[in-house]
Amino acid sequence: MTVTAEKKITVQKYGGTSVGSIERIKNVADKIILTYQTSKRVVAVVSAMGDTTDTLVGLAKGITSKPSPREYDALLSTGENVSASLLAMCLIEKGYEAISLTGYQAGITTEVLHSRAKILNIKTGRIMQELEKDRIVIITGFQGINNNGDVTTIGRGGSDTSAVAVAAALKAGECEIYTDVDGIYTTDPRKVADAKKLNEISYDEMLELASLGAKVLHPRAVECGKENQVVLHVRSSFNNEEGTRVKESSEMEINKPVTGVTLNEDEAIISLIGVPDKPGSVGYIFNTLAKEGVNVDMIIQNVEQNDSNNVSFSVHRDDLTLASSISQKIADSIGCSQVITDDSVAKISAVGVGMISKPGIAAQMFEALGKENINIKRITTSEIKISCAIDRKEAKKALAILHKEFELHV
Ligand code: ASP
Ligand code: MG
């Protein structure tokens, strides 16, 4: 056996569902033990049990709608302390040496900012010391310590990011993310029956498929993996199957132009008609919306006619009322003729790094929809993604059409 093989560290992450009950924690302990028996050096990062974090948020709301950010993080971070210590206890009970470390004890330093602090660095001294003693190390996800010595949290769903950052700091090369699904699929298997599990997907595609994958992977974890060249292996904690590896696309054999298709049924479109064709108009519109906290997507400005433009954009349906009232004020102040809202849209997207080198993919997508009489209301594209806004009533049918058109079922 070579020294390097012996020294290899396995980093695993177990999500809230995977550690959702004592029974499940015991199951996770068994999985860790299996890994430990071959690799000897195992670090597991855990989320809080089940809905614990939501429950903690609810408790805070019972006191105040504006909790002190420091105390809010002090509260929210406790969920992970519970699961980490229970898991370590469980491993000890099964006869293995294990230790739980909080973000602070594990050397995870973050920005000062609370609630969504970024991880700045991880001093791995303590983790390494414990590994040298042949102990299994359990680390709380989602939390760290800032320069004021206060506990911070890194944003909801952030345990994935904690795990990838730990894997990067320990130079593990790969981070196994155990979750309640088998991996990343070509589309949502609840919407298209023949959706297929992907063996691999690139970081960039994964980020573009965020609407599909966000429930599975925290986007910042994907970014962190990309920056530090850590492969993310998303797999189920309920079986031993290989899942999906998220990695750099250059390492992959690209055989299809489209890797996945995704649907977002929560969009609404706002159009400003007759925006004066002057420098600064569009900047003013989107700056005003941003200041009010409205997130926009699918921005389109058409060809100038009679010294004015039509500008449209999509927002989350929940933000439509707010965004349309802000838009009305904008329209009044810069002199647009009309504001039109459309709450009947869905956004369907095809994503794939393969489309960079293969022309005609957009045309193929539009034709496939046209043949089935599905009208396209808006189109936006990026290098690896084509999105169309269509009628929400036809969204599921359109998803199935594109899934088949791009041969994702085979
Ligand atoms: N427990 C935290 C949350 O629910 C972090 C995580 O699960 O990733 O957001
Ligand atoms: Mg999660």
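Both ligands and their constituent atoms are indexed starting at 1 by order of listing. Since we're looking at a predicted model, the values are computed, not measured. Position 1 is the first residue of the sequence, and the numbers go up from there.
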Tell me whether Glu93 is salt-bridged to Lys26, with the criterion being a basic N under 4.0 Å from an acidic carboxylate O.
no

Please indicate whether any nitrogen or oxygen in Gly157 is less than 3.5 Å from any nitrogen or oxygen in ligand 1.
yes

Tell me whether Asp160 has any N or O atom under 3.5 angstrom from an N or O of ligand 1.
no

Would you mind listing which atoms of ligand 1 come within a distance below 4.0 Å of any non-hydrogen atom of Ser159?
5 (C), 6 (C), 7 (O), 8 (O)

Atom of Val151, atom of Ser77 and distance for their closest heavy-atom approach:
CG1-OG, 3.5 Å

Within the 4.0 Å heavy-atom shell around Arg156, which atoms of ligand 1 are there?
3 (C), 4 (O), 9 (O)

Applying a strict 4.0 Å limit to heavy atoms, is His218 in contact with ligand 1?
no

Hey, does Gly79 sit under 4.0 Å from ligand 1 if you only count heavy atoms?
no

Other residues, nucleotides and ligands only: do more than 12 of their heavy atoms fall within 6.0 Å of CG on Asn148?
yes

Checking the side chain of Thr187 only, and the main-chain atoms of Thr262 only, is there a donor and an acceptor separated by less than 3.5 Å?
no

Treating Glu205 as the side-chain partner and Val353 as the backbone partner, does any N or O pair qualify as donor plus acceptor under 3.5 Å?
yes

Hey, which atoms in ligand 1 end up nearer than 4.0 Å to a heavy atom of Ser47?
6 (C), 7 (O), 8 (O)

Within less than 4.0 angstrom of ligand 1, does Gly158 place any heavy atom?
yes

